**Q** 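First the structure, which I've put down as structure tokens, then a few questions once you've had a look.
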2 protein chains.
Amino acid sequence: MGQTVVQEGETPDFVGCVLSGLLRMQKTLADGRHHIVGLLVEGDIFGRVFGGATEFAIEVATDAEFCAFPRGEFEELLMRSPDLDRAVMLNTLNELDRARDWMIILSNQKITGRIAGFLLLMVTRFSTIDHIVKARDGGIEIRIPIGRQDLAHLLGTRPESISRALHALQDDSAIRIIEPNLIGVLDLSALAREAGEDEVDGIRSVRELLKVARLDR
Amino acid sequence: MGQTVVQEGETPDFVGCVLSGLLRMQKTLADGRHHIVGLLVEGDIFGRVFGGATEFAIEVATDAEFCAFPRGEFEELLMRSPDLDRAVMLNTLNELDRARDWMIILSNQKITGRIAGFLLLMVTRFSTIDHIVKARDGGIEIRIPIGRQDLAHLLGTRPESISRALHALQDDSAIRIIEPNLIGVLDLSALAREAGEDEVDGIRSVRELLKVARLDR
DNA sequence: CTCCCGCCTTGACAGCTATCAATGACCGTT
DNA sequence: AACGGTCATTGATAGCTGTCAAGGCGGGAG
């Protein structure tokens, strides 16, 4: 927990792939604060494929497993397997879109909007990770895999504001705080409205997810 | 000016490469506001290489030229030319880092800090585009290629706050507002301090840039 | 079992920003 | 030259957030 996998400015000699658990990608600023720029879950690839130093450190957020390939071999593998190459490219493009989604979320001036966007992103992006997003009869339950401090760093604010905003969303009956890190989503539309996002497509896909989850049981 | 090149949600049938001018990548929200998530300058590639719809619209910010390759041919070209494939991958990875830099900037809670980070990013990233960043005897001059409205959308705030923050930085003798869109940088360290970033490396490279620019003349 | 420590939460206050409104500068048009 | 439009700026006020401080809760060590 909290161990460093890749240090800032380092050029790692391997390409990693997360198998389970959660890693966080962050940058430490001059004043000691560290800002989180992304979370890595199972299936995510980290470490730059071709040269160049990583500008961001990677640390373990929860118990996690990952595998590492020597970078040279991985690059050769990419050369020989167009399919793998294409998959890595698609993965990178998806991460790029995700990073831009983060930008939209961070552009929201009210904290409640940022948290609403964060929760929606969790639901839409991590819907396949069942220990994070669970579909229940009452709606969806999200287990936030990081603490208030990290969440604040992620959303560009402070733990106190996170707490207040979550309880404000609860007062609006948009969510329910089951445990500090276990959030029940009561009203997706309200969240989307709060986030200011046109998340209609996202919500539709979530509805599909819920249907599938119910059929599974 | 303001024309749409690629629409949101569309799957463009070409891959574009900016030759000159400036394009902006943005997303329109449900309430009509549009948030800018990136600027494209010469050499930047846009349009997804492999399938998938673009989540962001691309519009012309200034007079611009770009070339377009049919997507199918481009993908075949990638298959046949490992060098090009590698270059595109590197380009994408760089954009990813840039997007994460944006996240850091947007995480800054004070507007002056966000603008300081923006200016530093302009200097470090667009230092080769001489109609945007110019080295002069007094320091560096940055021509901001977008208006206050767009700048506000980019930094997640409002035009009024942009104006106030710029003039605050001027009062601190960190910058000089030569024209509304032409900013002279007087004190890089002050900007870095304001941004809270450990931009020492960045500043060093800027110093190199200044030296080179002076030798050029 | 008790203590200690970290985390989450809540309250009070200062500081900053969003918002509304109004003014002035610049540009293209008439 | 006069007009209308957009854009940048400035002021006043309300609202929200950062900050500091304190209290409550749970888990681990002794």
Side-chain angles (χ1 to χ4, degrees), chain A residues 1-2 24 29 31-33 35-36 61-63 105-118 142-172 175-183 194-196, chain B residues 1-2 24 29 31-36 61-63 105-118 142-172 175-184 194-196:
Chain A
M1 288 280 288
R24 64 179 175 224
L29 303 187
D31 50 17
R33 297 175 310 180
H35 279 281
I36 298 179
T62 68
D63 288 329
I105 291 175
L106 287 173
S107 293
N108 210 314
Q109 44 255 40
K110 294 207 293 185
I111 305 285
T112 49
R114 270 180 265 182
I115 289 198
F118 166 75
I142 304 172
R143 180 163 295 280
I144 302 177
I146 54 179
R148 290 288 187 273
Q149 186 100 27
D150 283 343
L151 190 51
H153 287 150
L154 192 56
L155 297 179
T157 181
R158 305 275 148 180
E160 297 95 326
S161 296
I162 296 283
S163 182
R164 276 187 254 269
L166 277 173
H167 285 266
L169 287 176
Q170 183 173 233
D171 292 343
D172 291 345
I175 65 172
R176 193 164 68 89
I177 305 174
I178 305 167
E179 300 168 19
N181 286 346
L182 184 62
I183 306 298
E194 193 69 39
Chain B
M1 289 282 287
R24 62 177 178 226
L29 303 186
D31 50 18
R33 296 176 309 180
H34 54 287
H35 278 279
I36 298 178
T62 68
D63 288 330
I105 291 175
L106 287 173
S107 293
N108 210 315
Q109 44 255 40
K110 293 208 293 185
I111 306 285
T112 50
R114 269 180 265 182
I115 289 197
F118 166 75
I142 304 173
R143 181 163 293 281
I144 303 176
I146 54 178
R148 291 286 187 273
Q149 187 101 25
D150 282 344
L151 191 51
H153 287 149
L154 192 55
L155 297 180
T157 180
R158 304 276 148 176
E160 298 95 326
S161 296
I162 296 282
S163 183
R164 277 186 252 269
L166 278 173
H167 284 267
L169 287 176
Q170 182 172 234
D171 293 343
D172 291 345
I175 65 172
R176 194 165 69 88
I177 306 173
I178 304 166
E179 299 169 19
N181 286 346
L182 183 61
I183 306 297
E194 194 68 37

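A, B, ... follow the sequence lines: proteins, then strands. Residue 1 opens every chain. The shown structure was predicted, so the numbers you read here are calculated from the model rather than taken from an experiment.
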**Q** Please give, in whole Å, the distance from C:dC16 C1' to B:Glu194 CD?
**A**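 Checked: the CD to C1' distance equals 13 Å.
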**Q** Can you see which heavy atom on A:Pro159 is nearest to which on A:Ala152, and at what distance?
**A**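 The answer is N-CB, 3.5 Å.
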**Q** To the nearest Å, give me how far apart NZ (B:Lys110) and P (C:dT17) are.
**A**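 Atom NZ in B:Lys110 sits about 7 Å away from atom P in C:dT17.
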**Q** At what distance, to the nearest 0.5 angstrom, does CD1 of B:Ile146 lie from CG of B:Leu154?
**A**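 The CD1 atom of B:Ile146 sits 5.0 Å away from the CG atom of B:Leu154.
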**Q** Which whole-number value in Å describes the distance from A:His153 NE2 to D:dT17 P?
**A**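 Distance check: A:His153 NE2 to D:dT17 P gives 17 Å.
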**Q** Just how far, in rounded Å, is P of D:dG15 from CD1 of A:Ile111?
**A**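 A:Ile111 atom CD1 is separated from D:dG15 atom P by 18 Å.
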**Q** Which pair of non-hydrogen atoms, one from A:Leu106 and one from A:Gly156, has the smallest distance, and what is that distance?
**A**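 Looking at all heavy atoms of both residues, the closest pair is CD2-N, 4.3 Å.
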**Q** Of all heavy-atom pairs between A:Ala195 and A:Gly117, which one has the smallest distance, and what is that distance?
**A**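 In this case the closest contact between A:Ala195 and A:Gly117 is CB-N, 3.7 Å.
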**Q** Can a side chain N or O of A:Arg158 be found less than 4.0 Å away from OP1 or OP2 on D:dT19?
**A**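 For D:dT19, OP1/OP2 do have a side-chain N/O of A:Arg158 under 4.0 Å.
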**Q** Could you work out how much the helix from C:dC1-D:dG30 to C:dT30-D:dA1 bends, comparing the axis of its first five pairs with that of its last five, to 10°?
**A**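 Its terminal axes enclose an angle near 30°.
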**Q** Quick check: do A:Arg148 and A:Leu166 have side-chain heavy atoms less than 4.5 Å from each other?
**A**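 Yes, close enough: below the 4.5 Å cut-off.
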**Q** Of all the choices, D:dT17, C:dA18, C:dC16, which nucleotide is nearest to the side chain of A:Gln109 once you look at every atom?
**A**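 The nucleotide sitting nearest to the side chain is C:dA18.
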**Q** My understanding is that only residues two or more places apart in sequence, or in another chain, count here; which of them pass side chain to side chain contact (heavy atoms under 4.5 Å, CB included) with B:Leu182?
**A**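 B:Leu182 satisfies side chain to side chain contact (heavy atoms under 4.5 Å, CB included) with B:Glu141, B:Arg143, B:Ile178, B:Glu179 once adjacent residues are dropped.
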**Q** Are there any protein N/O atoms within less than 3.5 Å of an N/O atom in nucleotides 4-8 of chain D, and if so, which ones and at what distance?
**A**
residue : atom : partner  : partner atom : Å
D:dA8   : OP1  : B:Arg148 : N            : 3.0
D:dA8   : OP2  : B:Arg148 : N            : 3.2

**Q** Write down the protein N/O and nucleotide N/O pairs, taken from nucleotides 20-27 of chain C, whose separation is under 3.5 Å; answer none if there are no such pairs.
**A**
residue : atom : partner  : partner atom : Å
C:dC20  : N4   : B:Glu160 : OE2          : 3.3

**Q** If only side-chain N and O atoms of A:Thr157 are considered, is one of them under 4.0 Å from the OP1 or OP2 phosphate oxygen of D:dG18?
**A**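 Answer yes for this pair, as a side-chain N or O of A:Thr157 is under 4.0 Å from OP1 or OP2.
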**Q** Using a heavy-atom cut-off of 4.0 Å across all strands, would you classify A:Ile162 as base, sugar-phosphate, or nothing?
**A**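 Since no nucleic acid heavy atom lies under 4.0 Å of A:Ile162, the category is nothing.
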**Q** What integer distance in Å separates A:Ile178:CD1 from C:dC8:P?
**A**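 Going from A:Ile178 (CD1) to C:dC8 (P), I get 17 Å.
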**Q** Sequence neighbours left out, what pairs pass side-chain hydrogen bond (donor to acceptor under 3.5 Å, both in side chains) with at least one residue falling in residues 150-163 of chain A?
**A**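 Of all non-adjacent pairs touching residues 150-163 of chain A, those that pass side-chain hydrogen bond (donor to acceptor under 3.5 Å, both in side chains) are A:Arg24-A:Asp150.
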**Q** Looking at every non-hydrogen atom in both residues, tell me the closest pair between A:Ala165 and A:Ile115 and how far apart they are.
**A**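 Shortest heavy-atom separation between A:Ala165 and A:Ile115 comes out as CB-CD1, 3.7 Å.
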**Q** Taking only the side-chain nitrogens and oxygens of B:Ser161, find out if one of them lies under 4.0 Å from OP1 or OP2 of C:dT17.
**A**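 No, outside the criterion.
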**Q** Listed by chain and number, what are the salt bridge (charged side-chain N to carboxylate O under 4.0 Å, His left out) partners of B:Arg164, not counting sequence neighbours?
**A**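 With neighbours one apart ignored, the set is empty.
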**Q** Could you tell me how far apart B:Arg114 (CZ) and C:dA18 (C1') are, to the nearest whole angstrom?
**A**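 Distance, rounded to whole Å: 12 Å.
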**Q** Expressed in angstrom and rounded to an integer, what is the separation of A:Asp171 atom CG from D:dC16 atom C1'?
**A**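 It works out to 16 Å between those atoms.
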**Q** Mind calculating the distance between CG (A:Leu151) and P (C:dC7) to the nearest angstrom?
**A**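 Rounding to the nearest Å, CG of A:Leu151 and P of C:dC7 are 14 Å apart.
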**Q** Please confirm whether the backbone N or O of A:Ile177 pairs with a side-chain atom of A:Gln170, one donor and one acceptor, at under 3.5 Å?
**A**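 A pair under 3.5 Å: yes.
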**Q** Could you tell me whether a side-chain N or O of B:Glu194 sits under 3.5 Å from a main-chain N or O of B:Ala116, the two making a donor and an acceptor?
**A**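 Side chain of B:Glu194 to backbone of B:Ala116: no pair is present.
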**Q** So, B:Arg176 side chain and B:Gly184 main chain: donor-acceptor pair closer than 3.5 Å or not?
**A**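 Not confirmed, B:Arg176 side chain does not pair with B:Gly184 backbone.
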